[in-house]
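Worksheet: one structure, shown below.
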Amino acid sequence: MKTKIDYFDYDTLLQPTDWRFAAAVVGLCKYFDCFGIVYKVLCDVEEKPDNYIHGFDGIIYKSEDITEEKYLEFAENYFEKYMTHKNILNILESQEFSEEQIKFVNDLVKSKTVLKGLFDKIKFDGTNKDIFISTIEENRAEIIKNIFKNGNNLYKNYCNERLIFTEDNSTCRLRGYNVDKDRKTSNLGFCFSKESFESNDILEFDFIPFAFSNSDMRETYFVNNNFSVKSLTQTNYAFSNQLSNTENKDDKNKLMLVLQNSKDYISYDVEIISKSQDKAYYETFFVRLERLKKLRELSGKSLNFVKKINDDYWFNLEKEVYMRCLNNVFLDDVILMMLKFYFDDNAVKGYIKSRTDMLIDINVSWKGNDIMDEIKSAKSCGFLTSKKLIEMKSSNKINSYKQKIISALCAHDYDRAKEIILSLSAYVGMEFSFFYTFLENAEENKDLAFAFASALNEVSSKNN
């Protein structure tokens, strides 16, 4: 919440009452620190402003310290590697230029509309660098503003680019919160009355892009642990650094791996806001400490398995497990999918089996079911049954029974699953000790059937 105050020489208080104001606080702190501008943190001052909101920290500052000139300079420095004009200026520091450098400068000019407009009739030829330097310096503010507000991974990803550094807007400038006021808006308010629709927007929301994590990722994140300004700034700094140092993973997997290693700065329930360039809105999910502990327990597990399902979807086992862990969802569907992958023509069956067995153990521990002894028994029974069928010269029935059990489990037809397992027990003349627990409550103890089906393999005892 933004509040006008009369507090010594300061006139504004910004408190992180929701994630938007929290992100604005983080972005503003970076801005103030960049220019050495003095501001105060609410919890650090003994005498509080009269009208502050109890229960929230905040920052106290002078509104006059926020200027468009400084804002654009800050954007240029913070997102330096995306500022095309700075790349051009760096090249123009040379005294002589190769043909490749000349071509590169002209290509950079063509890459941005604002630069094409400024150099419409001029091409860099290696001898006219002074014209390019002077034109960029004279129009620097315009160039920065256009590059920043139109960058798909910069301001445009987070806010309506037409509202940059504006005030008194009728709707919030953020993506997903913004409404086109030129279109019909009667359906926004209660009883189709647009007068009943309320929205808040403040200039400080322009600092939100600086609060989110690494702009080189298609999906960026902000951790809203708004216990204090100190925790907000330090957590997001550490979080962003860890994301930068995590390589060879997609954005969601990076997030999961960073959360696994976040115990030094996240030790409580937190809200995480994500913004993808592919979506015109923000997404929120809550990370519970209990689930975070479970996620950290997975750090020693090898969950590497990726499979193409179709042109639009790749199954990533690690990602599927991590997301279910955070969302407190069991792994039943993932286990069934892995069991079905076993029958693919090009499947590495031993590898799939080892991953499936690991998933079953994780699933049982998440459910809190005290059936680990029965799980071991089910795996042993599956192995011994396969061995017996091979000895009986009926190895072709291993996959047949395995498929029937999996099909019944996929259909949630537990009576059918019981019949198949019982039939197999009679066929091989073996008693399955785990079956009695499965019989008592098949749905609750379905992991026993998962474990038994996973252990059915057309391999010799030596390979097992």
Side-chain angles (χ1 to χ4, degrees), residues 1-5 11-31 51-53 56-59 61 63 66-68 71-72 74-75 78-79 145-146 148-213 215 219-226 229 232 236 271-286:
M1 179 67 70
K2 179 180 178 180
T3 308
K4 287 294 180 183
I5 58 173
D11 61 3
T12 310
L13 167 65
L14 189 64
Q15 295 182 269
T17 49
D18 71 29
W19 79 261
R20 297 173 301 164
F21 294 96
V25 165
V26 172
L28 266 174
C29 287
K30 293 179 180 180
Y31 168 83
N51 47 348
Y52 78 99
I53 300 174
F56 291 94
D57 198 3
I59 55 173
Y61 55 94
S63 58
I66 302 174
T67 65
E68 186 170 10
Y71 177 79
L72 293 176
F74 176 55
Y78 193 87
F79 295 109
K145 188 172 185 177
N146 275 274
F148 179 56
K149 76 175 185 177
N150 293 312
N152 289 328
N153 63 330
L154 303 178
Y155 187 87
K156 187 178 180 179
N157 185 37
Y158 303 95
C159 308
N160 183 336
E161 66 274 18
R162 296 195 300 272
L163 301 180
I164 186 170
F165 221 82
T166 58
E167 295 189 79
D168 302 322
N169 296 310
S170 57
T171 60
C172 182
R173 70 192 66 206
L174 298 184
R175 294 288 177 194
Y177 293 78
N178 185 249
V179 179
D180 188 347
K181 61 186 179 183
D182 295 326
R183 302 177 67 181
K184 187 176 180 180
T185 56
S186 61
N187 62 335
L188 290 173
F190 179 69
C191 291
F192 299 99
S193 172
K194 65 180 180 181
E195 286 75 21
S196 67
F197 173 72
E198 289 189 12
S199 174
N200 53 26
D201 182 69
I202 58 173
L203 175 65
E204 284 79 357
F205 285 167
D206 272 347
F207 290 87
I208 286 177
F210 305 96
F212 275 72
S213 65
S215 52
E219 186 166 330
T220 57
Y221 306 99
F222 171 73
V223 184
N224 183 27
N225 58 339
N226 57 349
V229 170
L232 266 174
N236 281 283
E271 177 188 34
I272 294 182
I273 315 299
S274 69
K275 180 62 181 73
S276 170
Q277 293 178 39
D278 302 321
K279 296 176 181 176
Y281 52 87
Y282 294 82
E283 294 179 297
T284 302
F285 63 94
F286 290 90

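FYI, side chains are in, hydrogens and waters are out, and symmetry mates aren't considered; it's all heavy atoms of this structure.
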Considering all heavy atoms, the nearest [X]-[Y] contact:
X	Y	value
Leu232	Pro16	CD1-CB, 3.9 Å
Asn224	Ala22	OD1-CB, 3.2 Å
Thr284	Glu271	CG2-OE2, 3.1 Å

Once rounded to the nearest 0.5 Å, what's the spacing between atom [atom1] of [X] and atom [atom2] of [Y]?
X	Y	atom1	atom2	value
Tyr221	Ile272	OH	CD1	8.5 Å
Gln15	Phe21	CD	CZ	10.5 Å
Met1	Leu14	CE	CG	10.0 Å

May I ask you to test the [X]-[Y] pair for a side-chain heavy-atom distance under 4.5 Å?
X	Y	value
Lys4	Ser63	yes
Ser213	Asn236	no
Ile164	Asp206	yes
Leu203	Tyr71	no
Tyr61	Ile66	yes
Arg175	Lys275	yes
Tyr155	Lys145	no

Next item on the list: State whether a side-chain donor-acceptor pair under 3.5 Å links Thr171 with Asn178.
Entry: yes
Check: How would you list, by chain and number, every residue that makes a ring pair (Phe, Tyr, Trp, His ring centres under 6.0 Å) with Tyr281, sequence neighbours excluded?
Finding: none
Next item on the list: Mind checking side-chain contact (heavy atoms from CB on, under 4.5 Å) for Gln277 and listing every partner two or more places apart, or none if nothing turns up?
Entry: Asn152, Asn153, Asn157, Arg218
Next item on the list: State which residues pass side-chain contact (heavy atoms from CB on, under 4.5 Å) with Ala211; sequence neighbours excluded, sorted by chain then number.
Entry: Ala23, Val26, Phe222
Are [X] and [Y] close enough that their ring centres sit under 6.0 Å apart?
X	Y	answer
Phe205	Tyr158	no
Phe79	Phe148	yes
Phe207	Tyr31	yes

Notebook entry, point to check: Do the charged groups of Arg20 and Glu204 touch, with an N to O distance under 4.0 Å?
Noted result: no
Notebook entry, point to check: Does the side chain to side chain contact (heavy atoms under 4.5 Å, CB included) test come out yes or no for Ile59 and Leu13, once each step is laid out?
Noted result: CA-CA 6 Å; Ile59 55 173; Leu13 167 65; over 6 Å; no
Item checked: Worked verdict on Thr3 versus Thr12 for side chain to side chain contact (heavy atoms under 4.5 Å, CB included) -> CA-CA 6 Å; Thr3 308; Thr12 310; over 6 Å; no
